[in-house]
Engineer: 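The structure follows.
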Number of protein chains: 2
Amino acid sequence: MQDPLRRFKADIFQALAHPTRIAILELLGEGELSAGALIEKLGMEQANVSQHLAVLRAKQLVTNRKVGNQVFYSVRDPIIIEVLRLMRSFFHAHLKEAMGMLDEMQKDLAESGR
Amino acid sequence: MQDPLRRFKADIFQALAHPTRIAILELLGEGELSAGALIEKLGMEQANVSQHLAVLRAKQLVTNRKVGNQVFYSVRDPIIIEVLRLMRSFFHAHLKEAMGMLDEMQKDLAESGR
DNA sequence: CTGGAATATTCGCATGTGGTAATATACATT
DNA sequence: AATGTATATTACCACATGCGAATATTCCAG
């Protein structure tokens, strides 16, 4: 009984574990948006954004309603926004180490570019 | 400047996105534990637990101190525990759909077993 | 310094995830 | 019906992740 619950939580975190999906949720946190509006604000490929929306839908983190030609998305439960808010404070609390991690990431990026 | 921040958050969520690591953090939430104690409580392979601990260390979610032969782990920032607590309320709020998801998972499991 | 715990790391493999390009679907307008 | 627009899905490929088995490291006891 313990493990399935944790699998469920892990799946939710998995859904949150992508910068684009975080961006989507943060944008939706301010209110409902159409898929097209999201694509425009993110400045990314249509198919790509649509796939990320599919992930968020599958894990029930967002709801959508169709209006004619368009599909409007919104965050299903404000708890998710709250989680993201907490992560922001976590980030601020660990700004220094985070910078270190970012440096590492940039180094890795540079190396792989050579 | 926006994207690296989200990449950082996504990385943290990624670290949380595994049932074993969630179990580890929940156990550590109640107080410091040695690697050995964790392995015993989890009832999993030593190497496997050690690898998950390595992930949590890399993302700085836990700290460790060596005492002689042993290594004691603890949660680095209570915010993480708070995030897990929020996820619990999320789970309860969506118990029904969650059950549905678990059913799906079990079906998938059963099918792959045939 | 040798043997034995406790823990970490490496390797090889199977599976999962993310991206783009191409295609499909659904609705609206004419 | 035919075309155009908004969105979703599929196919394919590169890369990341998780696991067990084996090996390495670190520290203590004798």
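Throughout, a chain's letter reflects where its sequence line sits, starting with A, and its residues are numbered from 1.
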Engineer: Do any of residues 32-42 of chain B sit with a heavy atom less than 4.0 Å from DNA chain C, and if so which?
Structural biologist: B:Ser34, B:Ala35, B:Gly36

Engineer: Looking across every strand, which nucleic acid part, if any, lies under 4.0 Å from A:Phe72 by heavy atom: base, sugar-phosphate, or nothing?
Structural biologist: nothing

Engineer: Which side-chain N or O atoms in residues 32-50 of chain B pair as donor and acceptor under 3.5 Å with protein atoms at least two apart or in another chain?
Structural biologist:
from: B:Glu32; atom 1: OE1; to: B:Arg65; atom 2: NH1; distance (Å): 2.7
from: B:Glu32; atom 1: OE2; to: B:Arg65; atom 2: NH1; distance (Å): 2.5
from: B:Ser34; atom 1: OG; to: B:Ala37; atom 2: N; distance (Å): 3.0
from: B:Asn48; atom 1: OD1; to: B:His52; atom 2: NE2; distance (Å): 3.1

Engineer: Can you name the nearest heavy-atom pair linking A:Ala15 to A:Leu61, along with the distance?
Structural biologist: CB-CD1, 3.8 Å

Engineer: Do A:Phe91 and B:Leu84 sit in the same hydrophobic cluster, where Ile, Leu, Val, Met, Phe, Trp and Tyr count as joined when their side-chain heavy atoms come under 4.5 Å apart?
Structural biologist: yes

Engineer: Is a side-chain N or O of A:Arg21 found less than 3.5 angstrom from the main chain of A:Gln14, in a donor-acceptor match?
Structural biologist: yes

Engineer: Given a cutoff of under 4.5 Å between side-chain heavy atoms of I, L, V, M, F, W and Y, with clusters grown through shared members, what are the other residues clustered with B:Val67?
Structural biologist: B:Phe72

Engineer: Under the side-chain contact (heavy atoms from CB on, under 4.5 Å) test, which residues partner A:Asn69, sequence neighbours left out?
Structural biologist: none

Engineer: I need a per-nucleotide contact map over nucleotides 18-30 of chain C, read 5' to 3'. Cutoff is protein heavy atoms under 4.0 Å; write B for the base, S for backbone only, - otherwise.
Structural biologist: SBBBB---BBS--

Engineer: For B:Asp77, which residues count as a side chain to side chain donor-acceptor pair (under 3.5 Å) partner, sequence neighbours excluded?
Structural biologist: A:His94

Engineer: Applying side-chain hydrogen bond (donor to acceptor under 3.5 Å, both in side chains) as the test, list every pair that has at least one member in residues 79-90 of chain B; sequence neighbours left out.
Structural biologist: B:Glu26-B:Arg88, B:Glu82-B:Arg85

Engineer: Could you measure the distance from the CD1 atom of A:Ile12 to the CD1 atom of A:Ile79? Nearest 0.5 Å is fine.
Structural biologist: 11.0 Å

Engineer: side-chain contact (heavy atoms from CB on, under 4.5 Å) with B:Val75: which residues, sequence neighbours excluded?
Structural biologist: B:Leu25, B:Leu28, B:Ile80, B:Ile81

Engineer: Using the heavy-atom set of chain B and a strict 4.0 Å cut-off, write down the first and last nucleotide of DNA chain D that makes it in, 5' to 3'.
Structural biologist: D:dG18 to D:dC28

